[in-house]
S.K.: 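Quick one: structure below, then a few questions.
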Amino acid sequence: MPELPEVESIARSLTSERGDNESLLGHSISRARVAWKRTVASPSAQTFQRRILNQQVKAVGRRGKFINIRLSKDSLLIHLRMSGDLLLGRSEKPMGNHSRLQLYFEDGLQLSFNDPRKFGRVWLVEDAESVLSQLGPEPFDTTLTPARFHDMLSARKRQLKPLLLDQTFLAGLGNIYADEALWAAQLHPLQPSNQLTRKQARSLLTGIQEVLTEGIRRNGASIDWVYRGGDFQNYFKVYQRTGEPCLRCGAKIRRILVGQRSTHFCPRCQEKS
DNA sequence: AGGGAAACCCGAACGC
DNA sequence: TGCGTTCGGGTTTCCC
């Protein structure tokens with residue numbers, strides 16, 4: 001599903017110079033069609049279609065779960081949420097069975113935003129920071145040291161799981177990766193964030209980075225016909241392994257709800273202190 | 001400030 | 001076969 005790893009892969013593939021992927025770089029938009037109005041979070045769908053015309057793709061990047069397509073004048077920010085996908089090709093018709101937005105480039109290239117669940121959103125803004133500035137640090141930011149991470153955790157008094165999912169605290173983690181990172185660090189999802197030792201904070205940061213690295217390497221996970229990505233699901237340690245033995249200690253993996261989110265953990269080696 | 005819950009969406013997978 | 005119900009993902013919003 002499109003948590004950060006798949007977003008990272010897609011952002012990378014949009015600038016690919018070889019293989020079956022074409023690069024978007026340098027292309028200009030000659031036509032935009034909004035098929036599902038609410039996909040465009042801002043400005044209005046009509047303004048969007050007009051304002052994006054003739055803008056050229058200058059760069060493609062990523063910040064948290066947002067893909068940032070920097071254009072001549074504006075930035076096109078894309079959030080895939082769960083079921084969104086970007087398809088690049090040369091069909092004249094909308095690509096994908098659930099295309100919500102199509103951008104056509106001057107040479108016939110099409111970028112289609114396919115999204116069966118209609119949860120994904122795009123923004124066309126002059127300043128990308130107007131949207132992105134709300135995000136917490138990147139998990140791989142070199143200034144995010146174990147010490148700083150420990151300070152961040154100590155400054156809050158929240159259950160670890162919801163805090164890791166809070167994009168204003170740390171950018172990029174979704175439900176799968178939060179569970180996997182907590183398992184890696186042997187921390188209970190309900191553990192209050194301000195009770196972690198420096199060692200535990202370091203371990204959590206390492207776990208987050210390892211889990212994301214693996215997810216990116218696997219091109220994300222495919223947990224449903226509609227949440228398609230790579231094959232990271234074959235390497236889950238806890239996520240969706242309810243009742244199965246913990247791969248570290250053999251105890252049965254438990255599933256609980258935390259902040260309405262399905263949460264998987266090992267009751268033996270992720271004890272709350 | 002933190003936590004719980006509802007809303008937004010859809011189609012697969014279920015129960016009857 | 002055909003209905004109705006449940007589920008889950010990320011985020012925002014509202015309410016205690």
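Every chain is numbered from 1 and lettered A, B, ... according to where its sequence line falls, protein lines coming before strand lines.
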S.K.: Between A:Q240 (CD) and B:dA13 (P), how many Å, whole number?
M.R.: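 These atoms are roughly 13 Å apart.
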S.K.: Do the side-chain N and O atoms of A:N114 and A:S112 include a donor-acceptor pair separated by under 3.5 angstrom?
M.R.: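 No donor-acceptor contact under 3.5 Å links the two side chains.
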S.K.: Can you tell whether the side chains of A:K252 and A:E244 come within less than 4.0 Å, N to carboxylate O?
M.R.: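 Between A:E244 and A:K252 there is no salt bridge, as every charged N stays at least 4.0 Å from the carboxylate O atoms.
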S.K.: Rounded to whole Å, please give me the gap between CG in A:L165 and C1' in C:dT12.
M.R.: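 Result: 15 Å.
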S.K.: Would you say A:K157 places a side-chain N or O within less than 4.0 Å of OP1 or OP2 belonging to B:dG3?
M.R.: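 Result: no.
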S.K.: Tell me which of A:Q260 and A:R156 sits closer to the 5' end of DNA chain B, going by the nucleotide each one is nearest to.
M.R.: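 So the residue in question is A:R156.
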S.K.: Just to verify, which of A:F236, A:Y239, A:F232 counts as forming a ring-ring contact (aromatic ring centres under 6.0 Å, His included) with A:Y177?
M.R.: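 For A:Y177, the ring-ring contact (aromatic ring centres under 6.0 Å, His included) check succeeds only for A:F232.
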S.K.: Would you say the side-chain atoms of A:Y104 pair up with the backbone N or O of A:E92, donor to acceptor, closer than 3.5 Å?
M.R.: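 Looks like yes, one N/O pair under 3.5 Å.
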S.K.: B:dG2 phosphate, OP1 or OP2: any side-chain N/O from A:Q159 under 4.0 angstrom?
M.R.: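 Negative; the distance criterion is not met.
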S.K.: If you check every side-chain atom of A:R81, which of C:dG9, B:dC9, C:dT11 has the closest atom?
M.R.: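 Nucleotide nearest to A:R81's side chain: C:dT11.
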S.K.: Give the nucleotide from the list B:dG2, C:dG9, B:dC9 with an atom nearest to the side chain of A:W36.
M.R.: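 Side chain of A:W36 sits closest to B:dC9.
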S.K.: When you measure from the side-chain N and O atoms of A:R158 to the phosphate of B:dG3, is any distance below 4.0 Å, counting only OP1 and OP2?
M.R.: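 For B:dG3, OP1/OP2 do have a side-chain N/O of A:R158 under 4.0 Å.
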